[in-house]
Amino acid sequence: MRHAERLTHASPARASAWRRCRLLVVALGFLGGVVTSPLSASTADHTKFEELEGPFETGQEVTEACLSCHTEAAAQLMQTPHWTWEYEDPVKGEPLGKKTMLNAFCIGHQSNEAFCAACHAGYGWEDDSFDFTAERNVDCLVCHSAEDYVKPFGLAGHPAYERTEYPPDSGNFYEPTDLVAAARSVGVSSREACGSCHFYGGGGDGVKHGDLDSSLVDPSEALDVHMASDGLNFSCAECHETRDHKVPGSRLSMTASDAHGPIMRGRKDDRNPASCQACHGEQPHDGDLLHSERLNHHAHTLACQTCHIPTFARGGVPTRMAWDWSQATQLDADGNPFKLKNDQGHLTYDSRKGRFEPQENVVPDYQWFDGSVDYIQPDATVTPGETFYVNRFRGTPGSADARIWPVKNFSGRQPYDTENGNLVVMQVGIPNDTSLWFNFDFAKAIQAGMAATDRPFSGQFDFVDTRMTWPITHMVAPAEDALACADCHRPSGRLDEVPGIWLPGRDSNPWVDRIGFGLAGLMLLGSAAHAGTRLITRKRRKGATHD
Amino acid sequence: MTKRIYLFTRFERFWHWSQAALVLILMFSGLAIHGSHSLLEFQAAVEVHEIAAWLLIGLWIFAIFWHFTTGQWKHYIPTLRNIDRMVRYYSYGMFTGAKHPYKITVERKHNPLQRLAYLVIKLLINPLIWISGLIYLFWGSLQGLTPGFLGLQQVAVAHTLGAFLMLAFVIIHVYLATVGHTPLEKIKAMITGWENEH
Ligand code: HEM
């Protein structure tokens with residue numbers, strides 16, 4: 001076991017939490033009188049395979065061993081975005097995917113491949129020369145190993161095979177990975193394995209998504225009813241039901257409304273198995289005479305997530321709500337980069353990256369969403385002084401194919417080319433003379449980044465406010481923690497700004513109110529005047545009683 | 001000693017007071033749903049409102065049955081005869097000690113103004129509230145089936161309008177209930193059923 005000195009950013013929290021989890025399982029097994037394996041009841045014990053006895057020099061050698069039995073596995077994986085980092089927008093046909101897309105976090109991977117490929121399911125993607133057709137370059141272990149298998153940043157997707165100082169002369173060391181142990185531990189992918197990349201998007205735990213972070217490795221029921229380790233204990237693939245290495249349920253094109261019953265086993269249809277309705281159907285509420293029916297009707301308008309994920313980043317890990325690159329490159333009095341933290345110990349400033357806004361327990365924004373997302377292409381034009389939307393969720397208010405969804409709206413501030421008018425990519429993470437994190441020079445970093453994208457850079461740049469929207473769909477809370485009616489059905493409630501609905505408690509016709517209360521007021525005044533006159537004239541009437 | 005007439009039967013009194021209670025409850029909870037006050041939390045208001053609405057609907061079914069089987073509906077046949085005298089009495093004569101122009105009998109227990117007011121309630125305001133309220137209640141199922149101009153907005157606004165008209169009626173009605181020979185005379189009559197003949 002090797003984990004003594006790792007760069008903090010290089011090691012997603014995979015090892016320790018998994019060990020804890022395994023210990024627990026073993027302990028429980030003893031209590032029950034049996035030692036159970038943490039993996040599912042597989043019919044193959046990979047510790048018994050000669051092919052996996054090693055020794056292995058490189059990850060590629062492990063892959064070759066895997067492929068000697070799983071002959072089609074690499075070919076399958078190579079069809080998927082986990083390998084290609086490509087994706088076609090089903091609406092516009094534009095190329096999307098990490099290979100070309102820009103975002104408002106680390107912006108783009110071009111020119112940073114060796115760094116970013118730590119989260120590529122392959123070995124050796126360093127530059128354009130990477131062979132996307134070589135099956136041995138596929139990394140099986142990153143998804144399937146249950147061991148302490150870490151792909152540190154900077155090694156182009158390889159784990160450390162020997163003790164490696166990275167960056168060179170930095171005094172930080174990656175400890176070597178035990179490839180044999182990793183290979184012999186393989187099985188279905190754990191939450192931790194998927195999370196070793198997906199929890200760390202944007203360059204750190206919980207940074208990007210807000211509903212995905214390391215707290216989901218061992219979540220409580222309050223954090224996530226499906227994944228709770230002492231509850232249903234779902235793996236990711238329980239919903240993202242994977243066939244032929246194709247993992248369904250991408251955020252690039254989602255299933256926002258799924259007005260169908262549960263998916264019936266065996267029936268041929270191409271529905272997304274990762275929607276709530278795929279298991280729960282479209283009428284999941286029952287047993288409450290007054291409300292079940294009403295709640296089921298709410299599902300015509302609302303995504304399940306809207307009520308059932310009251311806040312995100314609930315597991316103790318903050319998510320980044322804002323990132324201002326323009327503040328990066330400040331150095332302290334000695335000319336050294338520095339970091340700042342807030343009272344909760346969360347990073348708020350890093351000379352390499354700029355200023356951040358980390359937040360926990362965030363109340364989502366809400367908007368109509370039909371599942372399709374409009375991403376800008378890298379050459380889209382920035383209007384100076386205006387917020388630039390890196391993506392937008394599509395959805396017509398009130399339409400049958402859209403629902404009101406909870407989202408994370410992230411605010412960026414990032415560099416753009418003031419002459420050419422487009423966002424720019426920077427080289428940040430490669431230890432060389434041009435990377436921002438090593439030289440703190442924006443112009444050089446942009447120059448190198450744009451050169452790698454084959455697009456021009458005028459040499460002139462400034463910063464522009466950007467916006468990115470993320471769907472909130474994990475961290476489903478127990479039913480009793482769902483939103484209450486009055487969270488939305490009141491003035492200035494959660495759906496205050498959402499168009500396309502008449503929301504009792506929020507909406508009223510001001511004229512009807514004015515006239516209505518006015519009329520009531522007039523009646524009261526009239527009655528009071530009448531009563532007053534009766535009182536004043538009482539004496540006069542005394543004599544005239546007719547009884 | 002004044003002569004007394006038995007004006008309101010036991011069912012009529014039960015109907016009147018339970019309807020009054022339900023309408024007040026509906027008004028209170030409805031205005032909470034509407035956001036006009038926050039003395040009742042939204043979900044609780046909805047629950048109260050819907051239970052009370054069903055009780056009221058049940059009550060009305062009985063009341064309609066009663067009106068037709070007993071012939072009591074005839075009390076609401078409108079008449080314009082003497083209505084001017086009624087108006088004059090309430091706006092003037094009453095202060096000078098003039099005699100009430102209308103003589104209540106078991107056969108005609110409402111004066112012409114009352115007849116008209118109650119008829120408006122029964123034929124306009126109540127149906128406006130019930131119909132809009134029922135559409136509102138079943139909106140989840142009706143959604144998409146209604147003609148284009150009729151959205152939840154129109155239903156809710158119609159219902160609210162009905163509620164305000166009811167509020168105006170309730171205020172006037174309660175006030176006029178005190179305009180007897182003594183302020184409580186008429187209210188006692190609706191409790192005991194017996195009204196003094198003058
Ligand atoms: C047949 C009887 C009635 C029915 C079926 C009914 C039904 C409803 C329904 C379904 C709502 C929407 C909230 C909810 O789901 O509970 C509502 C709201 C409301 N109701 Fe009623 N109601 C009835 C009688 C009344 C009466 C007698 C009043 C007042 C005199 C009243 C006043 C209101 C008000 C002010 C609202 C709020 C409207 C808004 O802001 O949208 N309702 N009613």
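What you see is a predicted model; the values in this text were computed from it and never measured. Reminder, nothing fancy here: chain letters follow the sequence lines and each chain counts from 1.
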> What part of Gln153(B) gets closer than 4.5 Å to chain A, counting heavy atoms only: side chain, backbone, both or neither?
Replying inline: both

> What option among Thr178(B), Val174(B), Val46(B) has the most heavy-atom pairs under 4.5 Å with chain A?
Replying inline: Thr178(B)

>> Please check if the number of heavy atoms outside Gln114(B) that lie under 6.0 Å from its CD is greater than 12.
In response: yes

>> Nearest 0.5 Å, please: how far is CD1 in Ile515(A) from OG1 in Thr160(B)?
In response: 12.5 Å

> Looking at Ala520(A), Pro491(A), Ala528(A), Gly521(A), which makes the most heavy-atom pairs under 4.5 Å with chain B?
Replying inline: Ala520(A)

> So, does His34(B) use its side chain to make a donor-acceptor pair with the main chain of Asp513(A) at under 3.5 Å?
Replying inline: no

> Between Tyr136(B) and chain A, which part of the residue has a heavy atom less than 4.5 Å away: side chain, backbone, both or neither?
Replying inline: side chain

> Cut-off 3.5 Å, side chains only: do His291(A) and Glu47(B) have a donor facing an acceptor?
Replying inline: yes

> In terms of heavy-atom pairs under 4.5 Å, which option from Arg294(A), His530(A), Met523(A) contacts chain B the most?
Replying inline: His530(A)

> How many angstroms lie between atom OG1 of Thr537(A) and atom OH of Tyr92(B), to the nearest 0.5 angstrom?
Replying inline: 11.0 Å

> Given that the side chain runs from C-beta out, which part of Val179(B) has a heavy atom under 4.5 Å from chain A: side chain, backbone, both or neither?
Replying inline: both

> Does atom CZ of Phe62(B) have more than 12 heavy-atom neighbours from other groups under 6.0 Å away?
Replying inline: no

>> So which residue, Gly35(B), Ser38(B), Ser141(B), Ser91(B), ends up with the most heavy-atom pairs under 4.5 Å with chain A?
In response: Ser141(B)

> Which of the residues His297(A), His298(A), Arg506(A) is involved in the greatest number of heavy-atom pairs with chain B at under 4.5 angstrom?
Replying inline: His297(A)

> Looking at CD1 of Ile501(A) and CG of Leu152(B), how far apart are the two atoms once the value is rounded to the nearest 0.5 Å?
Replying inline: 10.0 Å

> For atom CZ of Arg10(B), is the number of surrounding heavy atoms from other residues, nucleotides or ligands below 6.0 Å larger than 12?
Replying inline: no

> Between His489(A) and Phe42(B), how do the two ring planes meet: parallel, tilted or perpendicular, split at 30° and 60°?
Replying inline: parallel

>> Show the nearest heavy-atom pair for residues Phe164(B) and Gly516(A), with the distance to one decimal.
In response: CG-CA, 3.3 Å

> Crowded around Leu289(A) CG? As in, over 12 foreign heavy atoms under 6.0 Å?
Replying inline: no

>> Return the CG to CG distance between Leu167(B) and Leu519(A), rounded to the nearest 0.5 Å.
In response: 8.0 Å

>> Looking at chain B, which one of Pro504(A), Ser508(A), Ala400(A) has the largest number of heavy-atom pairs inside 4.5 Å, strictly under?
In response: Pro504(A)

> Non-hydrogen atoms of chain A under 4.5 Å away: do they reach the side chain of Gln43(B), the backbone, both or neither?
Replying inline: both

